Undergrad: 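Take a look at this one; I'll ask things after.
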Amino acid sequence: MAQPPDTRQLVVALEEERRRLASAIACMSEGMLILARDYRSATLNPAACDMLGVQDLPELARKLRAHDIDPDIHPVFWLESHDERAKPVRCWLTRECGRDDCPAYGSGLFPCWLYDGTLCHGGEPAPFPAKLDHCCECSVYQANAGLGDPGRCCGRREIALSQPTKRTLVTLSSPIVDPDGRFLGVVKILHDVTAERALAQKRAEFASFVTHELRTPLGSLAGFLALVLGGHAGEVPAPQRRHLQTALGQAKRLERLVDTLLDMAAIEAGRFRLHLRRFDLTPLVVECVDLLRPQAEAKGVALHIALPALSLIVAADPDRIGQVLTNLVANAIKYTHAGGSVEVAARSAPDGFVVEVADTGIGIPPDDIPHLFDRFYRSSTGSAFAKGSGLGLAICKGIVEAHGGSLAVQSTPDKGSRFSFTIPRNPRPAQPNA
């Protein structure tokens with residue numbers, strides 16, 4: 001019968017495992033940051049130090065205080081001691097609850113949702129993973145999550161640093177949780193995508209240049225064809241007129257495609273411009289739906305509008321928001337069988353406005369949803385219903401995100417889809433690159 005290992009053997013085995021793990025982390029080409037439970041200390045591997053131009057965490061803290069490193073790195077580390085602008089909201093101060101028995105009360109760990117036994121909105125106190133869905137509704141959670149960490153400690157974030165060197169980093173985060181659900185810290189992987197982003201921008205600039213050069217001759221071609229069809233170059237016999245009308249239609253189609261490519265190139269190059277003004281969203285929704293109503297009626301699709309009685313005053317670019325609405329409603333009609341329905345709804349939300357386009361159409365396979373907003377991507381299910389460039393949804397996403405909002409989709413095959421986008425109440429659109 002084998003004897004159980006003694007304490008010394010266990011210690012030796014644990015030490016060997018620790019050394020193997022430390023060697024693996026040190027050899028990683030990706031940066032790794034391991035934040036301790038109190039968010040006040042961290043471990044950096046050599047790749048992360050190289051990306052940030054530091055030797056260790058204390059040097060990083062010193063450089064952040066001296067503004068020698070771009071302060072946009074704060075949300076990645078979430079260490080409040082580095083800068084006052086990252087000072088968090090304290091739940092016990094904000095709520096003035098006086099609950100000194102609460103595990104978070106007076107603590108240095110400001111993310112109160114990470115503590116076991118805290119639940120301010122009722123219910124049974126629960127460990128970290130079990131209560132997050134409830135905590136995310138809390139104003140304290142939302143304010144602190146706004147510092148950049150998604151609160152759940154899971155997710156992807158991209159940041160652009162200007163010093164000590166220009167870099168673009170993508171961070172992937174995941175919590176460390178023990179078998180009992182207690183929060184132990186966070187692991188963050190730093191991936192340097194500077195070269196990829198620079199190449200993508202050059203590609204977008206080249207595409208913008210080429211499409212812009214195509215726009216002028218296409219406009220001239222369409223103009224001359226219109227002149228000939230108008231009889232300004234003499235009488236045009238009927239057989240020739242049919243061919244010329246076909247040519248003019250194709251020239252106009254090419255012009256629309258070039259405009260689409262220019263929009264996509266501007267979004268990718270960071271030069272997409274918005275003309276913001278305050279307006280009532282309700283008439284714009286009605287206008288877009290009425291524009292597409294003949295198309296819906298011709299296909300036998302019922303088109304409905306659900307709007308609140310009060311005005312929805314938004315600060316946005318009405319032409320671009322109209323473009324998003326028109327695209328989403330047109331898609332919903334295309335992918336809905338005769339006898340089905342499409343509903344367009346708009347409503348106010350705590351932090352802005354929500355517009356939804358729901359249909360009873362063919363739906364979208366789950367495997368297609370993650371790629372739905374990619375350039376030139378077309379679902380295999382929808383290709384039999386409508387042809388297109390595959391850029392419409394990518395441009396919609398770019399327009400919405402340029403407003404500071406987000407575009408999402410929920411879908412069930414053979415039951416329908418629901419696209420929704422948000423417009424922030426106080427939009428902070430991305431500044432176009434020079």
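Note that the coordinates shown come from a computational prediction; the quantities given were computed from them, not determined experimentally. Note that the numbering runs from 1 along the sequence shown for the chain. Any value given below was found using the heavy atoms of this structure, including those in side chains, with hydrogens, waters and symmetry copies removed.
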Undergrad: Could you tell me if the side chain of F279 sits less than 4.5 Å from the side chain of V314, heavy atoms only?
TA: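 Heavy-atom side-chain distance check passes, below 4.5 Å.
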Undergrad: Which heavy-atom pair separates M51 from G31 by the least distance, and what is that distance?
TA: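 Scanning both residues completely, I find the closest heavy atoms to be CE-N, 3.4 Å.
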Undergrad: Working note: E15 + R18, criterion salt bridge (Lys or Arg N to Asp or Glu O under 4.0 Å); need CA distance, chi angles, decisive distance, verdict.
TA: CA-CA 5 Å; E15 178 62 20; R18 188 193 68 80; 2.8 Å; yes
Undergrad: Answer yes or no: is there a donor N or O on one side and an acceptor on the other, between the side chain of T422 and the main chain of G405, under 3.5 Å?
TA: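 No; zero donor-acceptor contacts below 3.5 Å.
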Undergrad: Between S420 and V355 (side chain of the first, backbone of the second, donor and acceptor by atom type, cut-off under 3.5 Å), is there such a pair?
TA: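 Side chain of S420 to backbone of V355: no pair is present.
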Undergrad: If I take atom NZ from residue K299 and atom CD1 from residue I333, how far apart are they, to the nearest 0.5 angstrom?
TA: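 It comes to 8.5 Å.
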Undergrad: Between the side chain of S341 and the main-chain N/O of A302, is any donor-acceptor distance below 3.5 Å?
TA: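 It does not hold such a pair.
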Undergrad: Report yes if the side chains of L407 and E401 come closer than 4.5 Å at any heavy-atom pair, otherwise no.
TA: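 No, too far: nothing below the 4.5 Å cut-off.
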Undergrad: Less than 4.5 Å apart, side chain to side chain, heavy atoms only: is that true for K334 and D359?
TA: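 Of all side-chain heavy-atom pairs linking D359 with K334, none is under 4.5 Å.
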Undergrad: Could you tell me which non-hydrogen atom of A346 sits nearest to which non-hydrogen atom of V285, and how far apart they are?
TA: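 Taking every non-hydrogen atom into account, CB-CG2, 4.4 Å.
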Undergrad: If I take atom CZ from residue R197 and atom CG from residue L169, how far apart are they, to the nearest 0.5 angstrom?
TA: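 Reported value, rounded in 0.5 Å steps: 10.5 Å.
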Undergrad: Closest heavy-atom contact between G363 and S417?
TA: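 Taking every non-hydrogen atom into account, CA-OG, 3.6 Å.
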Undergrad: About how many Å separate CG of L33 and OG1 of T43, when rounded to the nearest 0.5 Å?
TA: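 Here the interatomic distance stands at 8.0 Å.
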Undergrad: Could you tell me if the side chain of V289 sits less than 4.5 Å from the side chain of V342, heavy atoms only?
TA: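 Of all side-chain heavy-atom pairs linking V289 with V342, none is under 4.5 Å.
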Undergrad: Test side chain to side chain contact (heavy atoms under 4.5 Å, CB included) on L303 and V329; report intermediate values, then the result.
TA: CA-CA 9 Å; L303 200 52; V329 177; 4.2 Å; yes
Undergrad: Is L328 close to F421 at the side-chain level, that is, under 4.5 Å between some pair of heavy atoms?
TA: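 Yes. Closest side-chain heavy atoms under 4.5 Å.
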Undergrad: Does a sphere of radius 6.0 Å around CZ in R20 hold more than 12 heavy atoms from other residues, nucleotides or ligands, not counting ones at 6.0 Å or beyond?
TA: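 Correct, the count exceeds 12.
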Undergrad: Atom CD of residue position Q295 - does it have more than 12 heavy atoms of other residues, nucleotides or ligands inside 6.0 Å?
TA: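 Yes - once you tally the heavy atoms of other residues, nucleotides and ligands closer than 6.0 Å, there are more than 12.
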Undergrad: Quick one: are V286 and L307 in side-chain contact, heavy atoms under 4.5 Å?
TA: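 Answer yes - side chains close enough.
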Undergrad: Could you list the residues that satisfy side chain to side chain contact (heavy atoms under 4.5 Å, CB included) with A306, not counting sequence neighbours?
TA: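 Side chain to side chain contact (heavy atoms under 4.5 Å, CB included) check on A306 returns E343, A345.
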Undergrad: When you measure from the side chain of H403 to the backbone N and O of L276, does any donor-acceptor pair fall under 3.5 Å?
TA: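 Between the backbone of L276 and the side chain of H403 there is no qualifying donor-acceptor contact (under 3.5 Å).
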Undergrad: Contact between F419 and L393 at the side-chain level, heavy atoms closer than 4.5 Å - yes or no?
TA: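 Yes, side chains in contact.
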Undergrad: Could you measure the distance from the OG1 atom of T360 to the CG atom of D414? Nearest 0.5 Å is fine.
TA: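 T360 atom OG1 to D414 atom CG measures 11.5 Å (nearest 0.5 Å).
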Undergrad: Taking all non-hydrogen atoms of both residues into account, name the closest pair between A251 and L225 and its distance.
TA: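 That closest heavy-atom pairing would be CB-CD1, 4.5 Å.
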Undergrad: Is it true that, when you exclude Q410 itself, more than 12 heavy atoms of the residues, nucleotides or ligands shown sit nearer than 6.0 Å to its CD?
TA: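 Open.
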Undergrad: Between D280 and L312 (side chain of the first, backbone of the second, donor and acceptor by atom type, cut-off under 3.5 Å), is there such a pair?
TA: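 Yes.
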Undergrad: Could you pull out the closest heavy-atom pair between L325 and C288, with the gap in Å?
TA: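 What the structure gives for the nearest pair is CB-SG, 4.0 Å.
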Undergrad: Do D319 and H275 have side chains that approach each other closer than 4.5 Å (heavy atoms only, starting at C-beta)?
TA: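 Result no, sub-4.5 Å side-chain heavy-atom pair not found.
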Undergrad: To the nearest 0.5 angstrom, please state how far the CD1 atom of I321 sits from the OG1 atom of T326.
TA: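 That separation rounds to 11.0 Å.
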Undergrad: With sequence neighbours left out, what residues match D290 under salt bridge (charged side-chain N to carboxylate O under 4.0 Å, His left out)?
TA: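 Counting only residues at least two positions away or on another chain, D290 forms a salt bridge (charged side-chain N to carboxylate O under 4.0 Å, His left out) with R293.
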Undergrad: Indicate the atoms forming the closest heavy-atom contact of V357 with A332, along with that distance.
TA: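 Here V357 and A332 meet closest at CG1-CB, 3.9 Å.
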Undergrad: Check the pair I362, H337 against side chain to side chain contact (heavy atoms under 4.5 Å, CB included), reporting the backbone distance first and the verdict last.
TA: CA-CA 8 Å; I362 62 173; H337 294 288; 3.5 Å; yes
Undergrad: Say you draw a straight line from CG of L190 to CD of E30; how long is it, rounded to the nearest 0.5 Å?
TA: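 Reported to 0.5 Å precision, the distance equals 8.5 Å.
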